[in-house]
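Lettering follows sequence order; numbering is per chain, from 1.
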There are 2 protein chains.
Amino acid sequence: MLNALTAEPNDATAQEIHGRLVARGDAVGLATVYRTLALLSRHGVVDALMHHAGEVCYRLCSEGHHHHLVCGACHRVVELGDCDLDGWLSGLAAEHGFTVSAHTVEVTGTCADCLAA
Amino acid sequence: MLNALTAEPNDATAQEIHGRLVARGDAVGLATVYRTLALLSRHGVVDALMHHAGEVCYRLCSEGHHHHLVCGACHRVVELGDCDLDGWLSGLAAEHGFTVSAHTVEVTGTCADCLAA
DNA sequence: GATGAGAATGAAAACCATTCTCGTATTCGC
DNA sequence: GCGAATACGAGAATGGTTTTCATTCTCATC
């Protein structure tokens, strides 16, 4: 299961992961994939992304706070490690009486390879 | 239809909007609500948010580029107008060979009222 | 005022990702 | 080896969203 995820360079939906496992010969059930992904997600081992409505993508990520840079054409994902938004956001939010507990940033663009193609 | 959205202070799911319209006496079909929301969303009149998986929330927003500050407790939404991330992100993305086309930021926190409660 | 083409609408069915159920298989402690 | 507890897989159920299709509305034309 974890092997399958580490083999995924980019993000994948639960269905894709399941399909790939089955194609590979592992007779794993769809339910188990969902169960495992939910578990891993809850423990912060994988990140759950929802760029398009109706389905969730999972990705094996580094543990710390980070954001994602996604290529709109080929779906390649790069992690952005340094994030100095917390201070800025806290101040901005405080103007509205909010206390910030979390924030997510998702950047979409085009990677060099797709730009050349 | 637009009237219904302007009456929504915060974000609402398509189902909520439909329910409210029906309760108000407008015999509008669920399909029409979805159609109209998709149309408005495509034209940038309303924003589509998906903070939790499985359903989409819509919100009538100002037209320019902005982000959302959402209260995790009461779902109140505040727009954050000024966004000086573009330059920073472009530079960061360029390091990975990416050309940034868009970015979304979603901040979750607790508003003053909910913090007091 | 009647007519007809084309778009808009509503009700119900279809879809599809996700979750639940339940019977079976496996594991762990004893 | 035995029993309890857990994990698993297959299929059914769920629920938000989309599609279908027959009907209704719009409106320009006759």
Side-chain angles (χ1 to χ4, degrees), chain A residues 1-61 68 70 72 74-75 77 104 106 108, chain B residues 1-61 68 70 72 74-75 77 104 106 108:
Chain A
M1 182 71 213
L2 273 173
N3 296 337
L5 268 175
T6 48
E8 286 288 343
N10 298 326
D11 55 351
T13 66
Q15 312 261 351
E16 284 170 351
I17 294 172
H18 173 245
R20 217 150 308 185
L21 281 171
V22 169
R24 182 202 285 193
D26 297 3
V28 68
L30 190 53
T32 307
V33 174
Y34 277 104
R35 265 190 292 247
T36 312
L37 284 174
L39 187 72
L40 292 175
S41 174
R42 205 166 334 113
H43 284 259
V45 183
V46 300
D47 277 19
L49 314 173
M50 346 183 223
H51 5 235
H52 19 28
E55 59 183 13
V56 185
C57 287
Y58 293 92
R59 180 159 197 280
L60 191 60
C61 281
H68 292 122
V70 186
C74 68
H75 267 215
V77 179
T104 62
E106 197 148 326
T108 57
Chain B
M1 181 72 212
L2 274 173
N3 297 337
L5 269 175
T6 48
E8 286 288 342
N10 298 328
D11 55 351
T13 66
Q15 312 260 353
E16 286 171 349
I17 294 171
H18 173 244
R20 219 150 306 185
L21 281 171
V22 169
R24 183 202 282 194
D26 297 5
V28 69
L30 190 53
T32 307
V33 174
Y34 277 103
R35 266 189 291 248
T36 312
L37 284 175
L39 187 72
L40 292 175
S41 174
R42 206 168 330 116
H43 284 260
V45 183
V46 299
D47 277 17
L49 314 174
M50 352 184 218
H51 5 236
H52 22 30
E55 57 182 16
V56 185
C57 287
Y58 293 92
R59 181 160 195 279
L60 191 60
C61 282
H68 291 123
V70 186
C74 69
H75 266 215
V77 179
T104 62
E106 197 148 323
T108 56

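Regarding A/Met50, its CE atom lies at a distance of 14 Å from the C1' atom of C/dA17, rounded to whole Å. In this structure, the CG atom of B/Leu37 is 13 Å from the C1' atom of D/dG16, given to the nearest Å. For the pair A/Leu30 CG and D/dG11 P, the computed distance is 12 Å after rounding to whole Å. Remark: C1' of D/dA10 and CG of A/Leu21 are 16 Å apart, rounded to the nearest angstrom. The nearest whole Å value for the distance from the CG atom in B/Leu49 to the P atom in D/dG16 is 18 Å. The CG-C1' distance, from B/Leu39 to D/dT17, rounds to 16 Å in whole Å. Between the P atom of C/dA8 and the CG atom of B/Leu40 lies a distance of 13 Å, rounded to the nearest Å. Separating the NE2 atom of B/His18 from the C1' atom of C/dA11 is a distance of 10 Å, rounded to the nearest angstrom.
Within 4.0 Å of B/Ala27, counting heavy atoms only, lie sugar-phosphate atoms of the nucleic acid but no base atom. Within the 4.0 angstrom heavy-atom criterion, only backbone atoms of the sugar-phosphate kind lie near A/Glu55; the bases stay farther away.
At the phosphate of D/dG9, OP1 or OP2 sits under 4.0 Å from a side-chain N or O atom of A/Thr32. Residue A/Tyr34 places at least one side-chain N or O closer than 4.0 Å to OP1 or OP2 of C/dT18.
Nearest to the side chain of B/Ala31, among C/dA11, D/dG16, D/dG9, sits C/dA11. Closest approach to the A/Arg35 side chain among D/dG16, D/dG9, C/dG10 is made by D/dG9 (side chain taken as heavy atoms from C-beta onward).
Judged by distance alone, the side chain of A/Thr36 and the main-chain N or O of A/Thr32 form a donor-acceptor pair under 3.5 Å.
Here the closest non-hydrogen pair linking A/Val33 and A/Ala14 is CG1-O, 3.8 Å. Pairing each heavy atom of A/His51 with each of B/Met50, the nearest pair is O-CE, 2.8 Å. Across all their heavy atoms, A/His18 and A/Val28 have their closest contact at NE2-O, 3.1 Å.
Side chains of B/His68 and B/Asp47 form a contact here, defined as non-hydrogen atoms less than 4.5 Å apart.
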